[in-house]
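No experiment lies behind these values; they were computed from the predicted model shown. We count ligands from 1, going down the list as the structure has it; atoms in each ligand are counted the same way.
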Amino acid sequence: MKLLVLGSGGREHALAWKLHESQKMDELYCAPGNAGIAQEAECRAVDLTDTKGIVELAKNLRADLTIAGPEAPLVAGVVDEFEREGLGIIGPSKAAARLEGSKIFAKEFMRRHNIPTARFEVAESYENALKALSRFSLPVVIKADGLAAGKGVRIASDHTEAAQALDDFMLQKTLGDAGERVVIEECLSGEETSFIILTDGRGILPLVPTQDHKALLDGDQGPNTGGMGAYSDDSLLSELQHDEIIRSIVAPTLAGMEMEGARYRGFLYFGLMMTVAGPMMLEYNVRLGDPEAQPILMRLRSDLGDLLMAMREGNLATVDVHWSPNPAVCVVLASKGYPGKPEIDKPITGYEAVETLGGVKIFHAGTKLQDHLLLTSGGRVMGVTATAQDLPSAIQRAYAGVSKLQFEGMQYRRDIGAKAQARAPNTVMSRQTRSPRGARQLPGK
Ligand code: AMP
Ligand code: GLY
């Protein structure tokens, strides 16, 4: 099989790494890729918002299947374009990608289908937004409607901060059109879990659960980022919680999309808050999470090529998937200035030493090779991902890898996975209760 991966982050490096070892793979391409991906696949230049350009590339490469990593090409309608041309691609249609492309669409969809989520109001003008604010208690959450690369959500602890967020988004237009309309919503508390599935529209395959660390600094302080680290461990969800998520959130989402004429296919990410009242939806992403993909794919034992083939043929429900019981942890190294304007072109040293450590893998994100030197080229530079028999050992391994790496201005969190270690062992998130791991048929299919 000839496969094309779209994207250039740690998620795409992890996909390319798993696909590179697939028995089914004859040729593997990635566009645009990065210096790490170039070790596993042949990289080609592409503009990820140019859907016609992506189709041309897939045709030229004679790719049997394309897999879209990030949201931009999906929201721009790359899947519809591929389907018009009869080309194979994994991902949702443009209509289905609105689950991520518009927070207003997503929240109203959740309301239409009784999917548990925070109470909210939509505002289309600054004046109405200010009025709506008065109907919420503090802290309050302000969300820009459109895509904003992790910068479109503000949690305001007082009225001044909330008004500032509205001013930035709606009057100063700091996010361009994305902030023209906003969602104002109640602030939920609990632990966050990233629950990601793969679906072909008939069967669903829940991936192992993960927890992201969105804030820049230790202790969840500082601005939100795309994700500074993630871990995957079965203890994140009990079997009961897993089943409740499927019943109250996943199944009504897929049934709702189908009912509205936009059957969902591809990876679907449910960003959840595990509240005392049960799991509640924060947001959908129409793709694998990044950095969540790195620990998830490190735990996948099955051949990813097989899974994607089954997905393409609509046989996902029949697939037997194997996961390592061992947890995995990913620590992201970011450039100085991230999540604002990152300082780039800094030489990276120490990566050869990491490759010699057992159970550790560097997934590259913003890296490039120039005159045989590995340089930084973006905000998130790489994710050091490790697996071991238990979570403390996996964390220790990941940080042993981190300690060998260096570039000017390197920043990272020191507490990835720490919340899990602090959690009392006899809470609902018990390690004894493992989530069922197989693929399953959707009700009524
Ligand atoms: P989103 O892009 O909607 O996932 O929001 C980004 C992050 O903001 C989430 O991962 C949460 O940490 C936080 N967040 C979003 N909505 C809420 C909410 N209603 N209550 C508390 N935190 C939230
Ligand atoms: N790590 C969260 C995301 O991929 O959006």
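Ligand 1 has at least one atom lying under 4.0 Å from a heavy atom of Cys187. Contact between Ser194 and ligand 2 is absent, with no heavy atom of the residue lying under 4.0 Å from the ligand.
Put simply, NZ on Lys18 and CE on Met298 are 9.5 Å apart, with the number rounded to the nearest 0.5 Å. Note: Arg181 CZ to Met170 CE = 9.5 Å, rounded to the nearest 0.5 Å.
Under the 6.0 Å distance and 45° angle rule, Arg119 counts as a cation-pi partner of Phe136. Relative to the ring axis of Phe267, Arg287 does not place its NZ or CZ within 45° and under 6.0 Å from the centre. Arg397 forms no cation-pi arrangement with Tyr399, by the criterion of a distance under 6.0 Å to the ring centre and an angle within 45° of the ring axis. Judged by a 6.0 Å distance limit and a 45° cone about the ring axis, Arg111 is positioned over the six-membered ring of Phe120.
Atoms of ligand 1 lying under 4.0 Å from any heavy atom of Met273, numbered from 1 in the order shown and given with element: 21 (C), 22 (N). If you number the atoms of ligand 2 from 1 as listed, the ones under 4.0 Å from a heavy atom of Gly289 come out as 4 (O). Numbered from 1 in the order shown, with element, the atoms of ligand 2 that lie under 4.0 Å from a heavy atom of Asn285 read 3 (C), 5 (O).
At the top of the distance list for atom 17 (C) of ligand 1, counting protein heavy atoms only, stands Leu282 CD2, 3.5 Å. Taking atom 5 (O) of ligand 2 as the reference point, the nearest protein heavy-atom neighbour is Arg287 NH2, 2.9 Å. The single protein non-hydrogen atom nearest to atom 14 (N) of ligand 1 is Ile155 CD1, 4.2 Å, given as residue, atom name and distance. In terms of protein heavy-atom proximity, atom 20 (N) of ligand 1 is nearest to Leu188 N, 2.8 Å. Among all protein heavy atoms, the one lying closest to atom 19 (N) of ligand 1 is Glu185 OE2, 2.6 Å. Among all protein heavy atoms, the one lying closest to atom 2 (O) of ligand 1 is Glu283 OE1, 3.0 Å. Looking from atom 16 (N) of ligand 1 to the surrounding protein, the closest heavy atom is Lys143 NZ, 3.1 Å. Protein heavy atom closest to atom 5 (O) of ligand 1, with residue, atom name and distance, is Val153 CG2, 3.4 Å.
Residue Asp212 has at least one nitrogen or oxygen atom sitting less than 3.5 Å from a nitrogen or oxygen atom of ligand 2, judged on distance alone. Taking distance alone, with nitrogen or oxygen atoms compared against 3.5 Å, Tyr269 stays at or beyond that limit from ligand 2. For the pair Gly226 and ligand 2, the shortest N or O to N or O distance falls below 3.5 Å. Below 3.5 Å of separation, one finds an N or O of Asp290 facing an N or O of ligand 2.
Residues Ala178 and Leu147 share a closest heavy-atom pair of CB-O, 3.4 Å. Of all heavy-atom pairs between Ala394 and Ala388, the closest is N-CB, 3.5 Å. Of all heavy-atom pairs spanning Val286 and Leu99, the tightest one is CG1-CB, 4.1 Å. When every heavy atom of Asp233 is checked against every heavy atom of Pro327, the shortest pair comes out as OD1-CB, 3.8 Å.
Outside the 6.0 Å centre-distance limit, the rings of Tyr284 and Tyr269 are not counted as a close aromatic pair.
Nearest to atom 12 (O) of ligand 1 by heavy-atom distance, out of Arg119, Glu192, Lys214, is Glu192.
For the pair Asp220 and Arg413, the salt-bridge criterion is met [side-chain N within less than 4.0 Å of a carboxylate O].
Proximity of Asn224 to ligand 1, defined as any heavy-atom pair under 4.0 Å, is confined to the side chain (atoms from C-beta onward). The side chain of Glu292, and not its backbone, has at least one atom closer than 4.0 Å to an atom of ligand 2 (non-hydrogen atoms only; side chain from C-beta on).
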